[in-house]
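The block underneath contains the structure these notes are about, expressed in structure tokens.
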Amino acid sequence: MKLFEASPTFFAFLLGHILAMEVLAWLIIYLLGPGWVPSTLTALVLAISQSQSWCLQHDLGHTSVFRKSRWNHVAQQFVMGQLKGFSAHWWNFRHFQHHAKPNVFHKDPDVTVAPVFLLGESSIEYGRKKRRYLPYNHQHLYFFLIGPPLLTLVNFEVENLAYMLVCMQWTDLLWAASFYSRFFLSYIPFYGVPGALLLFVAVRVLESHWFVWITQMNHIPKEIGHEKHRDWASSQLAATCNVEPSLFIDWFSGHLNFQIEHHLFPTMPRHNYHRVAPLVKALCAKHGLSYDVKPFLTALADIVGSLKKSGNVWLEAYLHQ
């Protein structure tokens with residue numbers, strides 16, 4: 001069915017609209033000045049550009065754009081380094097672990113977030129062992145303060161820099177430096193150093209909200225725990241769910257709303273997910289496997305609901321064991 005053949009036009013458009021947004025953001029300030037309204041518009045445009053860059057580098061990291069792996073990795077270094085200021089090797093190191101063992105403690109870094117947040121089986125363990133580093137029964141509330149706002153700005157920035165230095169990824173470090181040089185040379189003439197730093201923080205916080213909600217709506221509400229030693233396909237299905245597609249949601253989420261198909265076929269170009277989805281759904285029905293699809297807003301609300309449920313489980317175990 002040629003489902004693993006990438007469309008050059010599709011990915012050229014993705015890169016083109018990212019670059020166009022980067023230029024547009026600068027032109028807004030150049031033409032309208034660094035007032036509050038132009039600055040807010042610029043921060044929003046840059047945040048969208050950064051979010052779409054996450055998606056494109058994700059495609060390249062999965063070698064789903066070019067026929068040769070080398071081309072994908074070189075292009076990923078450009079997108080991740082020059083357009084985002086992060087290390088492609090750092091991303092692949094943590095993301096491949098996630099794909100190998102999704103939602104498995106100590107094997108998937110995306111869910112190994114204790115003691116800040118308790119997910120799945122960790123709630124019972126912490127409760128029984130009387131561990132109370134934070135008020136976990138309120139984690140669904142403090143999630144809004146330290147989850148979406150700070151993941152990219154604080155956690156990713158520190159982890160990314162540490163990885164490049166410890167693992168001596170000097171090429172990635174140079175790519176990241178080129179991003180910061182371009183960003184600050186572009187905006188310091190309008191804002192000065194403090195203003196340019198404030199703009200950078202605003203963009204990182206906005207894109208961080210996008211990253212947390214979009215990437216976790218497919219995973220946190222699903223089963224999270226220790227290794228169950230399932231077969232590979234079943235383990236992927238147990239840890240993922242889909243979000244109802246639309247032209248906007250497909251674009252906005254980078255097709256991560258087809259999370260089931262992405263985890264079963266990680267090297268498949270994402271523009272083909274909608275074609276393989278009916279086949280996956282039929283196969284799941286044939287073998288009695290769950291194929292979970294939910295509306296977008298429901299998927300977002302389920303993140304908070306899952307955190308609240310885990311916090312209540314912790315509190316019950318903490319008080320009664």
Side-chain angles (χ1 to χ4, degrees), residues 6 11-12 14-16 18-19 21-23 25-26 46-101 106-110 112-113 150-189 191-194 196-208 210-212 215 254 266-267:
F11 288 107
L14 288 180
L15 178 59
I18 289 169
L19 296 176
M21 283 188 283
E22 292 286 324
V23 173
W26 184 84
L46 285 174
I48 296 171
S49 172
Q50 288 294 295
S51 300
Q52 289 300 308
S53 294
W54 276 119
C55 299
L56 181 56
Q57 73 82 25
H58 177 249
D59 298 321
L60 292 162
H62 280 291
T63 65
S64 63
V65 179
F66 298 103
R67 291 180 182 274
K68 294 186 177 180
S69 295
R70 174 65 178 167
W71 294 358
N72 283 285
H73 292 313
V74 170
Q76 186 191 19
Q77 283 187 304
F78 167 76
V79 175
M80 195 60 158
Q82 165 55 221
L83 297 184
K84 291 203 58 61
F86 288 104
S87 163
H89 287 92
W90 161 76
W91 171 262
N92 291 340
F93 171 73
R94 61 174 291 133
H95 193 60
F96 294 168
Q97 294 178 74
H98 162 71
H99 269 270
K101 296 291 183 180
H106 309 300
K107 295 183 179 181
D108 179 0
D110 290 359
T112 307
V113 292
L150 300 180
L151 178 71
T152 302
L153 177 65
V154 178
N155 181 266
F156 277 6
E157 289 282 2
V158 173
E159 184 182 315
N160 171 71
L161 180 60
Y163 180 88
M164 289 190 290
L165 294 175
V166 172
C167 298
M168 295 183 288
Q169 294 291 346
W170 308 127
T171 302
D172 283 6
L173 191 61
L174 288 173
W175 274 117
S178 73
F179 162 80
Y180 287 102
S181 299
R182 173 178 60 85
F183 183 91
F184 288 109
L185 286 174
S186 296
Y187 291 103
I188 284 177
Y191 292 102
V193 174
L197 281 171
L198 183 60
L199 177 64
F200 173 78
V201 169
V203 173
R204 279 288 191 251
V205 169
L206 288 170
E207 72 165 291
S208 187
W210 174 91
F211 188 96
V212 171
T215 63
T267 61

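- Each of I18, V79, L83 was compared with Q52 under the side chain to side chain contact (heavy atoms under 4.5 Å, CB included) criterion, and only I18 meets it.
- The distance from the SG atom of C167 to the CG atom of L173 is 12.0 Å, given to the nearest 0.5 Å.
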Pair E157, L161 - check side-chain contact (heavy atoms from CB on, under 4.5 Å), show working.
CA-CA 6 Å; E157 289 282 2; L161 180 60; over 6 Å; no

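- L46 is listed as a side-chain neighbour of Y187, based on a closest heavy-atom distance under 4.5 Å.
- Within the 4.5 Å cutoff, side-chain heavy atoms of F156 are placed close to those of F211.
- At a cut-off of 3.5 Å, with distance as the only test, no side-chain donor of Q97 or K107 sits close to an acceptor on the other residue.
- The only member of W91, W54, F78, Y180 that meets ring pair (Phe, Tyr, Trp, His ring centres under 6.0 Å) when paired with F86 is W54.
- Between the side chain of D110 and the backbone N or O of H98 there is no donor-acceptor pair closer than 3.5 Å.
- A donor-acceptor pair shorter than 3.5 Å cannot be found between the side chains of W90 and Q169.
- Using modelled atom types, one finds a donor on one side chain and an acceptor on the other under 3.5 Å when comparing S87 with D172.
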Worked verdict on H73 versus T63 for side-chain contact (heavy atoms from CB on, under 4.5 Å)
CA-CA 7 Å; H73 292 313; T63 65; 4.0 Å; yes

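- Not one N or O on the side chain of S208 forms a donor-acceptor pair closer than 3.5 Å with the backbone of V205.
- Between the S64 side chain and the D59 main chain, a donor and an acceptor come within less than 3.5 Å of each other.
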Criterion ring-ring contact (aromatic ring centres under 6.0 Å, His included) on F11 and F66, from CA distance to verdict:
CA-CA 10 Å; F11 288 107; F66 298 103; 8.3 Å; no

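- Contact check for V74 versus R70: side-chain heavy atoms found under the 4.5 Å cut-off.
- Using modelled atom types, one finds a donor on one side chain and an acceptor on the other under 3.5 Å when comparing N92 with Q76.
- Within the 4.5 Å cutoff, the side chain of R182 has heavy atoms near those of the E22 side chain.
- Counting only heavy atoms from C-beta outward, the side chains of N155 and L150 never approach each other to under 4.5 Å.
- Side-chain contact between M21 and I48 is present, with heavy atoms from C-beta onward closer than 4.5 Å.
- Using a 4.5 Å heavy-atom threshold, the side chains of H95 and D108 count as separate.
- Residues passing the side-chain contact (heavy atoms from CB on, under 4.5 Å) test with A47, sequence neighbours excluded: L206.
- If you check the side chains of E207 and T152, you find no donor sitting under 3.5 Å from an acceptor.
- Using a 4.5 Å heavy-atom cutoff, the side chains of L19 and V23 are not in contact.
- Without hydrogens or angle criteria, S51 side chain to W210 main chain gives no donor-acceptor distance under 3.5 Å.
- With hydrogens and angles disregarded, a donor-acceptor distance shorter than 3.5 Å links the side chain of W26 to the backbone of S186.
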side-chain contact (heavy atoms from CB on, under 4.5 Å) assessment of H62 paired with H99
CA-CA 10 Å; H62 280 291; H99 269 270; 3.2 Å; yes

